[in-house]
Protein chains: 2
Amino acid sequence: MTIPKRPPPAQDSHSASRANPSELPHEATKALPIALLRAREALMSRFRPMLAEHDFTSQQWRVIRLLNEHSTLDAAQLAEKAFILPPSLTRILANLEARDLVTRVQCASDRRRYLFRLTSLGETSFQKIYPDRVKIYKEIEAYFGKRKIALLLELLDDLAQF
Amino acid sequence: MTIPKRPPPAQDSHSASRANPSELPHEATKALPIALLRAREALMSRFRPMLAEHDFTSQQWRVIRLLNEHSTLDAAQLAEKAFILPPSLTRILANLEARDLVTRVQCASDRRRYLFRLTSLGETSFQKIYPDRVKIYKEIEAYFGKRKIALLLELLDDLAQF
DNA sequence: GCTATAACATTAACAAGTTAAGTAAATGTG
DNA sequence: CACATTTACTTAACTTGTTAATGTTATAGC
C-alpha cells in the first residue's frame with residue numbers, strides 16, 4: 001500500500017485530542033478493523049512485489065498453494081480454505097485456467113461441482129515461488145518472534161469466532 | 001463474507017497432514033495474512049450490513065468519520081488516516097461529493113491540494129450512524145474483553161512496523 | 001528568473017470484494 | 001413421478017485495491 005508519510009498537519013482545530021469517556025476508539029486509526037488492515041498490509045507489502053514478479057496476485061497464489069497441498073478441491077472447498085468469495089473465485093479460476101496453470105474436471109457424481117487440479121505448469125510455478133515465500137516468512141519471524149506470532153495467531157483465531 | 005461451511009472432504013489423499021520440519025505455516029489457513037483477514041472479516045461482517053442500511057461502505061464511512069473528527073483534511077491526510085490509497089480515495093470522495101455529503105475547497109496556499117469538509121447532510125449522516133457503531137463495538141468488547149483487545153492492538157501495531 | 005525535480009491529485013486498466021440475481025443439478029416430499 | 005426447495009456455481013453491477021502513467025503546481029539549484 002505504501003501510503004506516503006506526511007508532516008503533521010499545520011493545525012487541527014478540534015476533537016482529535018478530546019476526552020473519550022466511553023473508552024471506545026473514536027479515531028479511525030485506533031479502531032480494531034483498521035489495525036488489522038495495517039498489520040496485514042505490512043506483511044502483504046513484502047509478499048505482493050515478490051508474487052507480482054511471478055505474475056501472481058496474492059489470491060491467485062492462495063489458490064495455487066491450496067491445490068498444491070490438496071491435489072484436487074472443488075470450488076466450495078477452495079472458497080472456504082482460501083477465504084475468497086465464490087464470485088471472486090470464479091474469476092480467479094477462469095484466469096488460472098486461461099493461463100494453463102489449473103484444470104477443471106466436472107465431478108461425475110454431482111455435476112454441479114467441478115474438481116480443480118494444478119497442471120504441471122502450475123506445479124512448476126508453485127515450486128518456483130515457494131522458496132521466496134519461505135524467505136519472507138522467515139524475515140517476519142526474525143522481526144516479530146515465533147512466540148509473538150503464536151500469541152497473535154491465537155488472539156486472531158479467537159476473534160474470528162465472534 | 002460468510003463463506004458457507006461444508007462437510008469435510010470425503011478424502012484428501014496427501015500432504016494436508018504431512019510433517020512440517022521447517023515449522024513454517026504451510027497450510028494457507030494457518031498463515032498470518034489469512035488469520036488477519038479472517039479476524040477482520042469477523043468484525044466487518046457486523047459493521048457492513050449496518051453501514052449498508054445507511055447506504056455507506058466501510059471505506060466511505062471511514063472518510064465521513066475522519067472528517068467529523070478533524071473538520072477539514074486534505075486528500076493525503078485522509079489517505080493516510082483512513083488507510084486508503086489515493087486512487088480509491090479519489091473515487092470515494094467523488095461519490096460522497098455527488099451525494100452532497102462532502103464538499104471540497106481548493107487550498108489557497110497550495111493549489112494542488114483540496115480541503116474536504118462534511119456538509120450538514122454529511123454531519124447528519126454521521127450522527128445517525130455513530131450510535132450503531134458504538135453498539136457493535138461494545139458487542140465486540142463484550143465478546144473479546146478490553147484486555148485482549150488492548151493486547152491485540154499492541155501486537156498489531158508492533159507488526160505494522162515491520 | 002529558469003529549469004529540473006519533487007509532490008498532489010487524478011486517470012486508466014485490470015484484479016478482487018460485495019451483494020443480488022440467475023442457471024442448472026441435486027434432494028426431499030407428497 | 002411431479003413439484004418445491006436446496007445446493008453449487010456463475011453472471012451482473014457496483015465499489016475498492018493496486019500499479020503505472022499523466023497533468024498540474026511547488027520547490028530547489030543554478
Side-chain angles (χ1 to χ4, degrees), chain A residues 1-7 9 33 37-38 40-41 44-45 47-53 55-63 73-80 82-99 104-116, chain B residues 1-7 9 33 37-38 40-41 44-45 47-53 55-63 73-80 82-99 104-116:
Chain A
M1 211 158 174
T2 320
I3 291 176
K5 266 80 174 179
R6 305 183 80 256
L37 199 55
R38 283 184 193 276
R40 181 176 151 81
E41 180 53 27
M44 295 313 296
S45 66
F47 285 109
R48 205 180 289 117
M50 180 277 283
L51 292 171
E53 281 188 13
D55 290 304
F56 285 103
T57 64
S58 63
Q59 292 84 351
Q60 291 164 359
W61 167 244
R62 290 214 296 275
V63 171
L73 292 171
D74 66 31
Q77 291 169 327
L78 277 170
E80 187 205 333
F83 211 64
I84 293 172
L85 289 172
S88 292
L89 188 59
T90 293
R91 291 178 300 218
I92 290 166
L93 288 169
N95 178 312
L96 295 176
E97 286 180 85
R99 291 160 63 184
R104 106 170 40 201
V105 180
Q106 195 169 35
C107 179
S109 63
D110 183 344
R111 276 153 45 203
R112 294 170 302 182
R113 289 191 198 173
Y114 297 91
L115 298 179
F116 295 90
Chain B
M1 213 158 175
T2 321
I3 291 175
K5 266 80 173 180
R6 305 184 79 255
L37 199 56
R38 284 184 193 274
R40 180 176 150 81
E41 181 54 27
M44 295 314 296
S45 66
F47 285 109
R48 206 179 290 117
M50 180 277 284
L51 292 171
E53 281 188 12
D55 289 303
F56 284 103
T57 64
S58 63
Q59 292 84 349
Q60 291 163 358
W61 166 243
R62 290 213 294 275
V63 171
L73 291 171
D74 67 31
Q77 292 170 325
L78 276 170
E80 187 205 334
F83 210 64
I84 294 172
L85 289 172
S88 292
L89 188 58
T90 292
R91 292 178 298 218
I92 291 166
L93 287 170
N95 177 313
L96 295 177
E97 287 181 83
R99 291 159 64 183
R104 103 169 45 200
V105 181
Q106 194 169 35
C107 179
S109 63
D110 185 345
R111 277 154 44 202
R112 291 172 303 184
R113 289 190 199 174
Y114 298 90
L115 299 179
F116 295 90

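Below, chains carry the letters A, B, ... as their sequence lines are ordered, and counting in each starts from 1.
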Would you list the protein and nucleotides 10-14 of chain D atom pairs, both N or O, that sit under 3.5 Å from each other?
{"unit_1": "D:dT10", "atom_1": "OP1", "unit_2": "A:Arg104", "atom_2": "NH1", "d": "2.5"}
{"unit_1": "D:dT10", "atom_1": "OP1", "unit_2": "A:Arg104", "atom_2": "NH2", "d": "3.3"}
{"unit_1": "D:dT10", "atom_1": "OP2", "unit_2": "A:Thr90", "atom_2": "OG1", "d": "2.9"}

**OP:** Look at the side chain of B:Arg112 and the base of D:dA26, then say whether one donor and one acceptor between them are separated by less than 3.5 Å.
**Re:**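 No such pair is found, so the answer is no.
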**OP:** May I ask you to test the A:Arg99-A:Asp55 pair for a side-chain heavy-atom distance under 4.5 Å?
**Re:** yes
Subject >> B:Leu93 side chain near B:Leu78 side chain, heavy-atom distance below 4.5 Å >> reply: yes
With respect to the side chain of [X], which nucleotide from [options] is positioned closest?
X	options	result
A:Arg48	D:dT25, D:dT18, C:dA26	D:dT18
A:Ile92	C:dA16, D:dT25, D:dT18	C:dA16
B:Gln60	D:dA26, C:dA15, D:dT15	D:dT15

Original post:
If you look at every heavy atom in B:Arg38 and A:Phe83, which pair is closest and at what distance?
Top reply: NH1-CD1, 3.3 Å
Subject >> Atom of B:Leu115, atom of B:Cys107 and distance for their closest heavy-atom approach >> reply: CG-CB, 4.4 Å
Original post:
More 5' along DNA chain D: A:Leu115 or A:Pro49, using each one's nearest nucleotide?
Top reply: A:Leu115
Can you measure [X] atom [atom1] to [N] atom [atom2] for me and round it to whole angstrom units?
X	N	atom1	atom2	value
B:Phe56	C:dT18	CZ	C1'	18 Å
B:Asn95	C:dT11	CG	P	14 Å
B:Leu51	C:dG17	CG	C1'	15 Å

Between [X] and [N], is there a side-chain N or O to OP1/OP2 distance below 4.0 Å?
X	N	result
A:Gln77	D:dA8	no
A:Arg113	D:dA8	yes
B:Gln59	D:dG17	yes

**OP:** Identify, with sequence neighbours excluded, every residue that meets salt bridge (Lys or Arg N to Asp or Glu O under 4.0 Å) alongside B:Arg91.
**Re:** none
Original post:
Has the side chain of A:Gln77 got a donor or acceptor atom that lies under 3.5 Å from a matching backbone atom of A:Asp74?
Top reply: yes
